[in-house]
Amino acid sequence: MRIQCVLITEGRFSLQTIKCKAAVAWEPNKPLVIEEIEVAPPEANEVRIKIVATGVCHTDLYHLFEGMHKEGFPVVLGHEGAGIVESIGPGVTEFQPGDKVIPLFISQCGECRFCKSPKTNQCEKGWAADKYDVMSLAESRFTCRGQKVLQFMGTSTFSEYTVVNEMAVAKIDPMAPLDKVCLLGCGICTGYGAAVNTAKVEPGSTCAVFGLGAVGLAAVMGCKAAGAKKIIAVDINPEKFEKGKVFGATDFVNPKDHDKPISQVLSEMTNGGVDFSLECVGNVAVMRSALESCVKGWGVSVLVGWTDLHDFAARPIQLIAGRTWKGSLFGGFKSKDGVPQMVKAYLNKTVKIDEFITHKMALDQVNDAIELMKHGKCIRTVLKVSPQ
């Protein structure tokens with residue numbers, strides 16, 4: 001199917017509707033369909049963005065195959081993108097057409113009690129405020145075949161155009177390559193920040209990272225940047241260790257190679273447990289293993305993998321003995337502030353991005369990209385959505 005971008009003019013420039021190509025998930029557990037959709041113009045305090053490139057993240061697959069909340073469909077998935085401002089709505093002063101930007105799945109309104117606190121990166125506004133289970137707001141600027149289509153996590157980057165509230169958009173360095181820095185919209189910031197901002201990994205410490213997907217590899221990179229001396233990568237796929245080394249892993253443990261619990265293996269390797277552990281899988285059993293791998297007295301374990309399907313549990317003595325169990329969303333970065341800083345860190349070569357990209361495809365190949373991730377055959381696939 002070949003769909004060309006078309007403008008439907010309704011008067012002033014600010015009242016143009018765009019017809020463009022997008023990958024629509026009509027229902028759970030089914031392939032996405034490349035459709036022609038209509039993207040309404042930005043309203044007050046909104047920005048319409050031409051998406052140039054987007055990564056495919058496991059959270060997209062979570063919504064499609066695991067969460068499968070029926071109220072969350074039809075939807076345009078994608079939340080790890082980068083693009084160029086096409087037009088702005090009334091009241092927008094921070095952005096201008098032509099700006100390079102990254103849409104954000106966490107808002108930073110700057111006014112709520114959370115935004116004003118240095119203790120958190122949460123925000124009271126945006127889709128996550130009350131619709132985290134559906135992972136979208138009821139309101140949307142998308143229509144397809146005369147039907148409303150939801151916007152995933154406030155972003156929907158599997159579309160040539162999207163409309164985002166200005167409090168969920170970060171303006172970035174104009175020199176940044178959009179087909180690389182799009183990955184800072186989720187995975188890399190999530191893992192890297194979990195180590196640096198949430199766990200607060202210390203120089204000379206020992207760390208364990210569970211899961212070597214993009215988020216886990218970014219966590220390894222964060223541990224190294226923080227000065228950890230020993231970084232143990234834990235994954236059931238031994239092929240991922242070479243990739244782990246690139247980001248700073250010093251040791252690799254495959255739980256399948258051992259008859260004893262992985263927490264016991266790590267405890268024996270580290271004289272009682274690691275100082276910091278990061279769970280980057282989204283599996284409640286692994287979360288418990290990560291906690292139990294920490295040394296008593298001061299060990300810190302961070303939940304990073306996204307899931308809301310099951311309860312997690314542990315023995316109270318694990319915490320009574322001095323361990324800390326905490327969670328991290330988007331790596332603790334205040335989104336509008338942190339993402340431009342990470343872009344600069346990439347341009348200054350202090351943060352890796354290129355090494356995460358194992359495949360490049362067109363938006364039309366989105367289902368192939370999903371299959372690669374589903375079967376663990378990639379780290380990150382970047383989809384080219386629009387010409388820059």
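Counting begins at 1 with the first residue of the sequence.
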Exercise. What distance separates Leu184 CG from Ile353 CD1, expressed to the nearest 0.5 Å?
Worked result: 4.0 Å
Seminar exercise, completed: Interatomic distance, CG@Asn121 vs NZ@Lys334, rounded to 0.5 Å, equals 7.0 Å
Exercise. Side chains of Tyr192 and Asn197: do they bring a donor and an acceptor to under 3.5 Å?
Worked result: no
Problem set entry | Tyr62 and Asp308: CA distance, side-chain angles, deciding distance, side-chain hydrogen bond (donor to acceptor under 3.5 Å, both in side chains) verdict | CA-CA 10 Å; Tyr62 169 85; Asp308 191 42; 5.4 Å; no
For this session: Check whether Val47 and Val101 end up in the same hydrophobic cluster, where Ile, Leu, Val, Met, Phe, Trp and Tyr are linked by side-chain heavy atoms less than 4.5 Å apart.
Result: yes
Exercise. Mind checking what makes side chain to side chain contact (heavy atoms under 4.5 Å, CB included) contact with Lys224, not counting sequence neighbours?
Worked result: Ile231
Problem set entry | Side-chain donor or acceptor of Ser87 paired with backbone N/O of Arg48 under 3.5 Å | no
Problem set entry | Ion pair check, Glu292 and Arg323, cut-off under 4.0 Å | no
For this session: Would you indicate whether Ile236, at its atom CD1, is surrounded by more than 12 heavy atoms from other residues, nucleotides or ligands within a distance under 6.0 Å?
Result: no
Exercise. Could Lys344 and Asp173 be called an ion pair, given the rule that one side-chain N must be under 4.0 Å from one carboxylate O?
Worked result: yes
Problem set entry | Cluster check Phe252, Val265: I/L/V/M/F/W/Y, side chain < 4.5 angstrom | no
Problem set entry | Heavy-atom donor-acceptor pair, Ser205 side chain to Val201 backbone, under 3.5 Å | no
For this session: Supply the atom-to-atom distance Asp60 CG to Thr157 OG1, rounded to the nearest 0.5 angstrom.
Result: 6.5 Å
Exercise. Does the pair Lys260/Glu268 count as a salt bridge with the N-to-O cut at 4.0 Å?
Worked result: yes
Seminar exercise, completed: Scanning both residues in full, the closest heavy-atom pair of Ile106 with Phe330 reads CD1-CB, 3.4 Å
Exercise. Would a hydrophobic clustering, with Ile, Leu, Val, Met, Phe, Trp and Tyr connected at side-chain separations under 4.5 Å, put Val52 with Tyr161?
Worked result: yes
Exercise. Does Lys125 come within less than 4.0 Å of Glu111, counting only side-chain N to carboxylate O?
Worked result: yes
Problem set entry | Worked check of salt bridge (charged side-chain N to carboxylate O under 4.0 Å, His left out) between Glu86 and Lys50 | CA-CA 6 Å; Glu86 177 270 336; Lys50 180 178 82 167; over 6 Å; no
Exercise. Is Val39 reachable from Val33 through a run of hydrophobic residues whose side-chain heavy atoms are each under 4.5 Å from the next?
Worked result: yes
Exercise. Is a side-chain donor or acceptor of Thr198 paired with a backbone partner of Ala195 at a separation under 3.5 angstrom?
Worked result: no
For this session: Taking the six-membered ring for Trp and the full ring for Phe, Tyr or His, determine whether the centres of Phe312 and Trp325 are under 6.0 Å apart.
Result: yes
Exercise. Distance only, no hydrogens: is a donor on one side chain within 3.5 Å (strictly under) of an acceptor on the other, for Thr162 and Ser156?
Worked result: no
For this session: Could you please spell out the steps behind the salt bridge (charged side-chain N to carboxylate O under 4.0 Å, His left out) verdict for Lys336 and Glu94?
Result: CA-CA 11 Å; Lys336 288 172 75 75; Glu94 184 182 349; 3.2 Å; yes
Problem set entry | More than 12 heavy atoms from other groups under 6.0 Å of CG on Asn271 | no
Exercise. Which value, rounded to the nearest 0.5 Å, describes the distance between Leu372 atom CG and Arg380 atom CZ?
Worked result: 12.5 Å
Seminar exercise, completed: Value for CD (Glu166) from CD1 (Ile88), rounded to nearest 0.5 Å, stands at 9.0 Å
Exercise. Got a second to check how far Lys374's NZ is from Asn367's CG, nearest 0.5 Å?
Worked result: 10.0 Å
For this session: May I ask you to decide whether Lys243 forms a salt bridge with Glu355, counting only side-chain N to carboxylate O separations under 4.0 Å?
Result: no
Exercise. Does the distance from a Lys or Arg side-chain N to an Asp or Glu carboxylate O, for Glu46 and Arg141, drop under 4.0 Å?
Worked result: yes
For this session: Would you please indicate yes or no on a ring centroid separation below 6.0 angstrom for Phe105 and Phe152?
Result: no
